[in-house]
Participant: 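First the structure, which I've put down as C-alpha cells, then a few questions once you've had a look.
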Amino acid sequence: MSDQKKFVEEITSRDVDFAKWYTDIVKKAELIEYSSVRGCMVIRPNGYAIWENIQKNLDERFKATGHENVYMPMFIPESLLQKEKDHVEGFAPEVAWVTHGGSEKLQERLCVRPTSETLFCEHYANIIHSYRDLPKLYNQWCSVVRWEKTTRPFLRSLEFLWQEGHTAHATEEEAREETIKMLNVYAQFCEEVLAIPVVKGQKTEKEKFAGAVETYTIESMMHDGKALQSGTSHYFGDGFAKAFDIQYTDKNNQLQYVHQTSWGVSTRLIGALIMVHGDDNGLVLPPAVAPTQVAIIPIAMHKEGVLDKAREIANSLTGFRVKVDDTDNSPGWKFSQYEMLGVPLRLEIGPKDIEKNQCVLVRRDTREKIFTPLSELSQQISKTLQDIQKDMLERARQMRDQNTHDAVDFDTLCKFADEKIGFFRAMWCGDVACEEKIKEEAALTSRCIPFEQEKIADTCVCCKKPAKSLVYWGKAY
RNA sequence: CGGGGUUUAGCGCAGUUUGGUAGCGCACUUGGUUUGGGACCAAGGGGCCACAGGUUCAAAUCCUGUAACCCCGACCA
C-alpha cells in the first residue's frame, strides 16, 4: 500500500501513532460513539453488524459441535461468587456491585456478572443427577461488566459483549477433549472468517484464568506487533464441581464430580479486525464478516438510466450483501467513505460503462481496478471476494511471520524487545521466577506455550537451566 | 493506581496571558450549478463556554473543588 496515495487526510497515519490511528478509525468508520458512562460505548450499526456476522458464524459452529444456547441472570449474589476461592480472588477487584433495589437496601449485595461460571455451576448442581444427564454443552451470548481502570473501545470496556460456553462432562478425558475442540473452533473461525492467523497454545500458570486448571489461548499479532489474546478455552477439572457440589451417579451407582470447561470470545475480535487489517484510508474488512460486501456507486446518476442500471445490477446480485449509494454526495466522497468503512469491493457504474455493457470493480485491499462485462459480473464478484479473503489472511500471516524472532540468550531477548516489534520465541524452564524476570527486564509477558513445539535451544533463555518448552513472548493489549 | 494532557455548536479548534456583545472550519437546512478520487455559489439554523462554589458592576477568561475523556506506565478478554 505504500505506493498508494493517501486520499483521506482526517485519519492519523497508522505508522505515525498507532493508538491515535485506532481511535480515529473506530470513530470515523462509525463503529462506536462514546456514551455518558465512563468506559462504555454505543456500538453503532456499522460496528454491531460486524458483531452480528461474527455471532452468526460462530453460533453455527457451536451448534454444529452440539452446543445449545441458554441465558443466565446478569446478577450474582455475593455468597455465590465467593464459593470458588481462586475465582473470586481473580475477579473481586473488578466487579460492579448492586446494593439497592429502588430505595431499599438489599440484604445481600449482587454483583453484575463479570463472567458466569458461578451461575452455570449453581444451575448444573440443580439439573445434573445421573451420568445420563451428561454432557451438558451450554453457551450464552450476553454482556459482562468488569470495572477496568483504563478503557479502550472494543479492546477494554467496562461492559462488553461476548459468548461464554460452559460445559460439564462425566470424565476428565472428555472435558479435556472439549477444551481443545473449542480452541480449534476459535482458531479456524479466526483464520477462515476474520482472516487473522493465530498461534494456539497454553497459558503459563501465571497467566491462566482464575479458577482454571489449564487455560488455552489463541494469540494474534496486531499491525504494531503487539499481541492480542483473541479467545480462550479453559479446562477446570473438578475444582468448580467440588466447590459447587455438582455430582452425578455413574453406571456403578457411585457419586462422581463432573469435569468442566469454559471458553469465550468477545467484541474484542472487532478490535483485532481493525488492528490487523486496517490501513491509512480506514477499515479493511474481510468479505466473510463485512456487513456490506459490494458498494455500488452510480457515476453521474442524474443522467438518464444510470440509477436504474445500478439498481438493476444490485437486484441481480443475489447471494451477496450489496448496497447502492444513491445519495447526492459526489462520487469521490463516496469512494473515500466506503474505503473508510472497509467495504471489500466497490462497483462503479456510469454512462461510459453502460454503453460498453460493463462496470468497474475496485478492491478495497489493493485498490486494483477490474473492468468487468455485466454478463460475467456475478462470477467475477464471487471470485474477487474469495481472492480478497485469501489474500488478507496471507498478508496477515506474512506480517506475523516476518515479525517473529527467535532469541536463545537473555541479552538478545532484551535487545530484541527493545529494538523490534512482534513475537519473540525463546526457551523456558517452566519456573515462574524466570517469567517474572523477563517481564521486569525485557518488559515482555508470556503469550503462550505453543502446541507446535520446536527446540531452538537446550537451556532456558533466562536461567540457563534445562528448558522445558518453547514460549512465545510479547507485549500485549 | 502513578505521570502528563484535554474539556467552548454534532465534530475539530481559536478566544483565557491582559475580565467587557460567543468566533472559525467542517457537518446540518434551503435554492441553484455540478458529478469517473472527499465539488462550487448564495442564503440560513444551531451555545447554561464540563459541573459546583467563590471573587467582581461584569467571568469562557481570575480563585477553590469535582467529574469525564485521551496518552504513557502497573492490572485485565
Side-chain angles (χ1 to χ4, degrees), chain A residues 4-12 17-24 26-28 30 33-41 90-95 114-115 143-164 186 203 206-210 215 217-220 227-234 262-272 281-282 297-303 306-307 325-340 346-354 359-360 362 367 369 371 439-440 443 445 475-477:
Chain A
Q4 300 278 352
K5 191 179 158 215
K6 180 168 174 267
F7 287 109
V8 176
E9 302 300 334
E10 294 168 22
I11 303 177
T12 307
D17 185 341
F18 193 75
K20 184 98 196 316
W21 169 84
Y22 178 82
T23 354
D24 282 353
V26 154
K27 294 292 297 289
K28 291 278 173 11
E30 296 169 15
E33 190 63 44
Y34 287 103
S35 73
S36 56
V37 185
R38 177 188 82 86
C40 294
M41 61 191 184
F91 282 100
E94 53 184 32
V95 294
T115 178
S143 76
V144 290
V145 170
R146 297 181 190 176
W147 217 261
E148 302 287 353
K149 282 159 192 159
T150 55
T151 60
R152 294 189 69 189
F154 295 119
L155 300 177
R156 192 180 303 114
S157 47
L158 291 201
E159 181 187 9
F160 58 92
L161 301 177
W162 78 346
Q163 73 46 229
E164 47 180 326
Y186 287 154
K203 284 285 184 192
K206 186 172 183 292
E207 299 284 329
K208 77 176 189 190
F209 179 83
T215 290
T217 177
I218 48 172
E219 298 285 325
S220 50
L228 189 77
Q229 180 176 310
S230 305
T232 47
S233 186
H234 315 287
S262 87
W263 26 274
V265 297
S266 71
T267 35
R268 186 172 240 207
L269 288 175
I270 297 174
N281 298 302
I297 300 177
I299 308 292
M301 65 180 186
H302 59 290
K303 292 199 177 148
V306 173
L307 200 48
D325 189 339
D326 58 2
T327 64
D328 58 6
N329 289 310
S330 72
W333 188 92
K334 291 175 186 174
F335 295 165
S336 301
Q337 180 64 13
Y338 290 101
E339 278 173 16
M340 188 95 76
R346 174 171 92 226
L347 190 159
E348 301 174 18
I349 178 86
K352 282 186 266 174
D353 299 312
I354 294 172
C359 67
V360 186
V362 185
R367 280 229 181 81
K369 287 197 174 186
F371 292 84
K439 184 170 181 182
E440 253 170 55
T445 54
K475 294 177 180 162
Y477 273 97

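Proteins come first, then strands; the chains are lettered A, B, ... in the order of their sequence lines, and each starts at number 1.
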Participant: What's the CZ-C1' distance between Arg367(A) and G36(B), to the nearest Å?
Facilitator: 15 Å

Participant: Closest heavy-atom contact between Ser230(A) and Val265(A)?
Facilitator: O-CG1, 3.6 Å

Participant: Under the side-chain hydrogen bond (donor to acceptor under 3.5 Å, both in side chains) rule, collect the residues that match up with Ser157(A), sequence neighbours excluded.
Facilitator: none

Participant: Using the ring pair (Phe, Tyr, Trp, His ring centres under 6.0 Å) criterion, which residues pair with Phe18(A)? Sequence neighbours excluded.
Facilitator: Trp21(A)

Participant: Between Asp24(A) (CG) and C26(B) (P), how many Å, whole number?
Facilitator: 20 Å

Participant: Tell me the interatomic distance from Leu307(A), atom CG, to U35(B), atom C1', rounded to whole angstroms.
Facilitator: 13 Å

Participant: Taking NE2 from His302(A) and P from U34(B), how many angstroms apart are they, rounded to a whole number?
Facilitator: 7 Å

Participant: Can you tell me the distance, in whole Å, between the CG atom of Asp328(A) and the P atom of A27(B)?
Facilitator: 13 Å

Participant: Would you say Ser336(A) places a side-chain N or O within less than 4.0 Å of OP1 or OP2 belonging to G38(B)?
Facilitator: no

Participant: State which residues pass side chain to side chain contact (heavy atoms under 4.5 Å, CB included) with Thr150(A); sequence neighbours excluded, sorted by chain then number.
Facilitator: Arg156(A)

Participant: For Val144(A), which contact category applies under a 4.0 Å heavy-atom criterion: base, sugar-phosphate, or nothing?
Facilitator: nothing

Participant: Between G2(B) and U66(B), how far apart are the P atoms? Round to whole Å, please.
Facilitator: 13 Å

Participant: To the nearest Å, how far apart are Tyr338(A) OH and G38(B) P?
Facilitator: 17 Å

Participant: At a cut-off of 3.5 Å, list every protein nitrogen or oxygen paired with a nitrogen or oxygen from nucleotides 40-44 of chain B, distance to 0.1 Å.
Facilitator:
none

Participant: Classify Pro298(A) by what it touches in the nucleic acid, base, sugar-phosphate, or nothing, heavy-atom distance under 4.0 Å.
Facilitator: nothing

Participant: Using Watson-Crick or G-U wobble geometry with both distances under 3.5 Å, which nucleotide pairs with C1(B)?
Facilitator: G73(B)

Participant: What interatomic distance, in whole Å, is found between C1' of U18(B) and the corresponding atom of G5(B)?
Facilitator: 25 Å

Participant: Just the rounded figure in Å: distance from P of U33(B) to NZ of Lys303(A).
Facilitator: 15 Å

Participant: With P as the reference atom in both, quote the distance from G25(B) to A14(B) in angstrom, rounded to an integer.
Facilitator: 16 Å

Participant: With sequence neighbours left out, what residues match Arg346(A) under side-chain hydrogen bond (donor to acceptor under 3.5 Å, both in side chains)?
Facilitator: Glu339(A), Glu348(A)

Participant: Please identify each residue that fulfils ring pair (Phe, Tyr, Trp, His ring centres under 6.0 Å) with Phe335(A), with sequence neighbours left out.
Facilitator: none

Participant: Once hydrogens and angles are ignored, does a donor-acceptor distance under 3.5 Å link the base of G38(B) to the side chain of Asn329(A)?
Facilitator: no

Participant: Mind checking the C1' distance from U7(B) to G15(B)? Whole angstroms is fine.
Facilitator: 15 Å

Participant: Please identify each residue that fulfils side-chain hydrogen bond (donor to acceptor under 3.5 Å, both in side chains) with Thr217(A), with sequence neighbours left out.
Facilitator: Glu219(A)

Participant: Only counting residues at least two apart or in another chain, list the ones meeting side-chain hydrogen bond (donor to acceptor under 3.5 Å, both in side chains) with Thr445(A).
Facilitator: Arg447(A)

Participant: Mind calculating the distance between NZ (Lys28(A)) and C1' (G10(B)) to the nearest angstrom?
Facilitator: 13 Å

Participant: Can you tell me, in whole Å, how much space there is between the C1' of C1(B) and that of G10(B)?
Facilitator: 34 Å

Participant: Scan every strand shown for a Watson-Crick or G-U wobble partner of C24(B), both distances under 3.5 Å, and answer none if you come up empty.
Facilitator: G12(B)

Participant: Locate the shortest heavy-atom distance separating Gly271(A) from Phe154(A); write the atom from each residue and the value.
Facilitator: N-CB, 3.8 Å

Participant: For C26(B), measure the glycosidic angle (O4'-C1'-N9-C4 for a purine, O4'-C1'-N1-C2 for a pyrimidine) and name it syn if it falls within 90° of 0, otherwise anti.
Facilitator: anti

Participant: I'd like to compare against my own output: the B/S/- annotation of nucleotides 66-77 of chain B with a strict under-4.0 Å heavy-atom distance to protein.
Facilitator: --SSSSSBBSBB

Participant: Could you tell me which nucleotide pairs with G45(B) by Watson-Crick or G-U wobble geometry, both distances under 3.5 Å, or answer none if nothing does?
Facilitator: none

Participant: Taking the P atom of each, how far is G53(B) from A39(B), in whole Å?
Facilitator: 48 Å

Participant: Provide the closest heavy-atom pair for Leu307(A) versus Pro298(A) in the form atom of the first, atom of the second, distance.
Facilitator: CD1-CG, 3.8 Å

Participant: In the structure shown, which nucleotide is the Watson-Crick or G-U wobble counterpart of U66(B), with both distances under 3.5 Å?
Facilitator: A50(B)

Participant: If the C1' atom of A27(B) is compared with that of C13(B), how far apart are they to the nearest Å?
Facilitator: 14 Å

Participant: Could you report the tightest heavy-atom contact between Leu158(A) and Glu148(A), atom names first, then the distance?
Facilitator: CD2-N, 3.3 Å

Participant: Considering only the P atoms, how many Å lie between G47(B) and U35(B), rounded to the nearest integer?
Facilitator: 37 Å

Participant: Heavy atoms only, 4.0 Å cut-off, all strands: where does Lys352(A) land among base, sugar-phosphate and nothing?
Facilitator: base

Participant: Under a 3.5 Å limit for both distances, which nucleotide forms a Watson-Crick or G-U wobble pair with A39(B), could you say?
Facilitator: U33(B)

